[in-house]
Protein chains: 2
Amino acid sequence: MADSKARTAAPVPTIRDVAELAGVATSTVSRALSNPGRVNHVTRERVEQAAAALNYVPSSQARGLSSGRTNAIALLVPDVTNPFYFDIIRGTQNQLKAAGYTQLLVDTEESAEMEADTLRKMQRTADGFILAASRLTDAQLVEAASSQAIVTINRSSSNAPTVMIDTPGAVVQALEHLSSLGHTRICYVGGPASSWSNAKRWKTFEDECRERGLTTSRVGPFTPKTTSGAAAADAAARTGATACIVFNDLLAIGMLQRLRERGIRVPEDMSIVGCDDIFGADFCNPPLTTMASPIEQAGRVAVSMLLAQLDPLHAGSSRRLAVMPTHLTVRGSTGPASPN
Amino acid sequence: MADSKARTAAPVPTIRDVAELAGVATSTVSRALSNPGRVNHVTRERVEQAAAALNYVPSSQARGLSSGRTNAIALLVPDVTNPFYFDIIRGTQNQLKAAGYTQLLVDTEESAEMEADTLRKMQRTADGFILAASRLTDAQLVEAASSQAIVTINRSSSNAPTVMIDTPGAVVQALEHLSSLGHTRICYVGGPASSWSNAKRWKTFEDECRERGLTTSRVGPFTPKTTSGAAAADAAARTGATACIVFNDLLAIGMLQRLRERGIRVPEDMSIVGCDDIFGADFCNPPLTTMASPIEQAGRVAVSMLLAQLDPLHAGSSRRLAVMPTHLTVRGSTGPASPN
DNA sequence: CAACTTTTGGCAAACGCTTGCCGCATGGAT
DNA sequence: ATCCATGCGGCAAGCGTTTGCCAAAAGTTG
């Protein structure tokens, strides 16, 4: 119990101090503050005044220890620096703050192991978890969801409620768009192998192309970072496709740069469609045609679903799946197929 | 003590279970795990095996309650969606994780009040605070720093250790650059009024311009977001300046878009210098000349300084100020002054 | 006015861990 | 042999809350 920060030895007031000042028992203070209605309103007022006078702030640690709740939820993302997650982070942050929860942000570095590890280590630290684009295997996910409250974003699971961003729908729109521009040979530029939504997108892409009689090719997997764009661009160019649907905007933007370097004009020689409509997609050069969706809202919805899950009242009845709509935002990176 | 998440009633193992399995007292388990050296190594091994067998994870809540430490530090940023902070977030996150700390990320929404409030509310929740670009008044900052461990980033303070990004130095470089390109009328596009670094930059700008005999003007304040770029661009254009030094890249990128819309060519008609070299500065159109600095490293250094401050051994001796070097990264948004 | 029911507040036992203090061994020095 | 240091483990008292249980007070009913 060392006073590690040996500053002005500020004796932070405890519930005991408040109780004393208000002339009641600590239990009454506790109830007055977190369970009004359980105490007479005049008593409550007295307690509230005392608390205010002392500038009392309940210790979340102690509260958590005795109540079993932490009032914190953890958000696990594969990569905090990916702008896609920024919007999710912002969405969850807002919604959690409104609900009086603290957000614990963890970067799992695209690693399933690290994700599982975090889930284990934080079981007591957080009341629930939001897994954005989880890299977990199905088995891991099932196991995790069996012992803790979890909501996934962009990762279906029968065990945990899920917020899905309907990128497959957007892929169809994108294909429609490209096809109407006369493209017949289209390449899918893949993201991380362990990404569930990557698999989903590819499947939709392939099915849809077959149906439309389009020639497909696929390159990847690539790390979803701009730095992988060069390799992705080179690989895609080699396929002879006149248009690419790219796993995400980060990669797409990286490709844009590389294609420019190589003198391959976008969209004249090659059309590019990204995914996510991240920060930057509107001002890169050329501005990126991309599959946009209300990402921030996805974060908010995930929080709602998680909180509902935690609430013993709604627990059973809560929604298990939310699908966020997507739409194609057409900008300058797509154009008519070159006539060769 | 309700079991709110009434799942498989998983009885999370406690230190007691470990003690029992290892055949020792709980105090021994505690010491074996967090103070090796205090127990015989054979005992420790036995304890470790027991802990592993039970998949034991200490409760940070209980640990914090009794030890007074939380092993968490809070990072307060004015706006989580500003890419500038992403890099800081990443830097602190990495360093904290390495040190076994949890990061609590809080968005203070550019509000001094909210910042002060968070500091108060979280006094027990975090061992220390990193304030990135604090909006606090000097008085508030002094008071806060007197009772808790604080490190500021880009905000000088005599009371708290500080990591400064040497943007004034970069402003000089930028002016040198613009001046050598023949610009004589330069406009400073200001950021938030409450931003300390904004004031600092403006002062350096003004002093340096006077010394060089350059004509200055100033517009603002503007919210540092791309959406404010239109207003900023219009205001700057009206000043008749041929070059702008802009508070940050976000604003600068917004201006780029607006200038293009208005047919004002960059850099032919107007040169633009941003600040921070955020994500996107390299691929906007034209790519932005900007004052770059190792932001992620700033985050890491801030953590080191904070942790040193918390450590009773180094507490006094630790560094009070770190200055991160900056340099001008010249890209396409600056060019020779137009001859009119 | 007796017999109940409701409100309301207090008591005290957790919650899971850390740590000051004590005492038993063990082994070296005298 | 005796005395001390030293190493090591256990005991138990907290840390600041919440909450089940109880009892006193207040209100209701017939």
Side-chain angles (χ1 to χ4, degrees), chain A residues 1-4 10-47 50-51 54-72 121-125 127 312, chain B residues 1-4 10-47 50-51 54-72 121-125 127 312:
Chain A
M1 284 149 231
D3 182 10
S4 60
V12 184
T14 76
I15 201 173
R16 219 117 46 197
D17 302 320
V18 178
E20 195 170 344
L21 181 58
V24 297
T26 61
S27 50
T28 304
V29 175
S30 173
R31 286 194 273 252
L33 264 28
S34 52
N35 192 357
R38 181 61 175 74
V39 301
N40 187 297
H41 85 282
V42 35
T43 311
R44 167 153 45 102
E45 247 163 46
R46 195 144 39 93
V47 169
L54 294 171
N55 206 344
Y56 167 73
V57 180
S59 152
S60 54
Q61 310 238 47
R63 206 198 279 265
L65 189 51
S66 75
S67 71
R69 282 174 264 102
T70 63
N71 266 297
K121 291 242 177 72
M122 298 188 90
Q123 52 183 334
R124 288 257 220 14
T125 312
D127 292 341
Chain B
M1 285 151 229
D3 182 10
S4 60
V12 184
T14 76
I15 201 173
R16 218 119 46 198
D17 302 319
V18 178
E20 194 171 343
L21 182 57
V24 296
T26 60
S27 49
T28 303
V29 174
S30 172
R31 285 193 274 252
L33 263 29
S34 53
N35 192 356
R38 181 61 175 75
V39 301
N40 187 296
H41 86 282
V42 36
T43 311
R44 167 152 45 102
E45 245 162 48
R46 196 142 40 92
V47 170
L54 293 171
N55 207 343
Y56 167 72
V57 180
S59 151
S60 54
Q61 311 238 49
R63 205 199 278 268
L65 229 205
S66 71
S67 71
R69 283 175 264 103
T70 64
N71 267 296
K121 291 244 177 72
M122 298 189 90
Q123 51 184 331
R124 287 257 220 16
T125 312
D127 292 341

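Reminder, nothing fancy here: chain letters follow the sequence lines and each chain counts from 1. In this text the structure is predicted, and so the values were computed from the model without any measurement.
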Discussion item. Rounded to whole Å, how long is the line connecting atom CD of Glu20(A) with atom P of dG9(C)?
Written reply: 19 Å

Response to the item:
Regarding the side chain of Arg69(B), the nearest nucleotide among dT19(C), dC11(C), dT17(D) is dT19(C)

Item to complete: Please report, rounded to the nearest Å, how far the C1' atom of dC15(C) is from the CG atom of Asp17(B).
Response: 14 Å

Worksheet item: Can you find a side chain N or O atom of Ser66(A) that sits less than 4.0 Å from OP1 or OP2 on dA14(C)?
Response: no

Practice prompt. Could you tell me the separation between the CZ atom of Arg38(A) and the P atom of dT17(D), rounded to a whole number of Å?
Written response: 19 Å

Discussion item. Check this one for me: any side-chain N or O of Arg124(B) less than 4.0 Å away from OP1 or OP2 of dT17(D)?
Written reply: yes

Worksheet item: Taking N and O atoms by type only, does the side chain of Arg63(B) place a donor or acceptor under 3.5 Å from a partner on the base of dG16(C)?
Response: no

Worksheet item: Thr43(B) versus Val24(B): any side-chain heavy-atom pair under 4.5 Å?
Response: yes

Worksheet item: For DNA chain C, what is the dot-bracket line, given that a base pair needs Watson-Crick (N1 to N3, plus N6-O4 or O6-N4) or G-U wobble (N1-O2 and O6-N3) geometry with both distances under 3.5 Å, and | means paired with another strand?
Response: ||||||||||||||||||||||||||||||

Determine all donor-acceptor pairs shorter than 3.5 Å in which one atom belongs to a side chain in residues 28-38 of chain A; sequence neighbours excluded.
| unit_1 | atom_1 | unit_2 | atom_2 | d |
| --- | --- | --- | --- | --- |
| Ser34(A) | OG | Ser30(A) | O | 2.8 |

Practice prompt. May I ask you to test the Tyr56(B)-Ile15(B) pair for a side-chain heavy-atom distance under 4.5 Å?
Written response: yes

Worksheet item: Roughly how far, to the nearest 0.5 Å, is the CG atom of Leu65(B) from the OG atom of Ser59(B)?
Response: 8.5 Å

Worksheet item: Of all the nucleotides listed (dT18(D), dG10(D), dC17(C)), which has the minimum atom distance to the side chain of Tyr56(B)?
Response: dC17(C)

Worksheet item: Tell me: CZ of Arg16(A) to P of dT17(D), nearest whole Å?
Response: 8 Å

Item to complete: Would you indicate whether the side-chain heavy atoms of Arg124(A) and Val12(B) approach each other to under 4.5 Å?
Response: yes

Discussion item. At less than 4.0 Å, is any side-chain N or O atom of Thr43(A) found next to OP1 or OP2 of dT8(C)? Yes or no.
Written reply: no

Item to complete: Look at all strands and tell whether Ser30(B) reaches a base, only sugar-phosphate, or nothing, counting heavy atoms closer than 4.0 Å.
Response: base

Worksheet item: Step by step, would you call Thr70(A) with Thr125(A) a side-chain contact (heavy atoms from CB on, under 4.5 Å)?
Response: CA-CA 6 Å; Thr70(A) 63; Thr125(A) 312; 5.7 Å; no

Practice prompt. Write down the distance between CD1 (Ile15(A)) and C1' (dA12(C)), rounded to a whole number of angstrom.
Written response: 14 Å

Worksheet entry | Nucleic acid contacts of residues 22-29 of chain B, taken as heavy-atom distances under 4.0 Å to DNA chain D | Val24(B), Ala25(B), Ser27(B), Thr28(B)

Practice prompt. Measure the distance from CG on Asn71(B) to C1' on dC17(C) and round it to the nearest whole Å.
Written response: 13 Å

Worksheet item: Choosing from dT19(D), dG9(D), dG16(D), which nucleotide comes nearest the side chain of Val39(B)?
Response: dG9(D)

Discussion item. Nearest to the side chain of Ser34(B), heavy atoms from C-beta on, is which of dC17(C), dT19(D), dT18(C)?
Written reply: dT18(C)

Item to complete: Write down the distance between NE2 (His41(B)) and P (dC8(D)), rounded to a whole number of angstrom.
Response: 10 Å

Item to complete: Check every atom of dG10(D), dC17(C), dT19(C) against the side chain of Ser67(B) and return the nucleotide holding the closest atom.
Response: dT19(C)

Worksheet item: Looking at side-chain heavy atoms only, is the closest gap between His41(A) and Glu45(A) below 4.5 Å?
Response: yes

Worksheet item: What integer distance in Å separates Asn35(A):CG from dT17(D):P?
Response: 16 Å

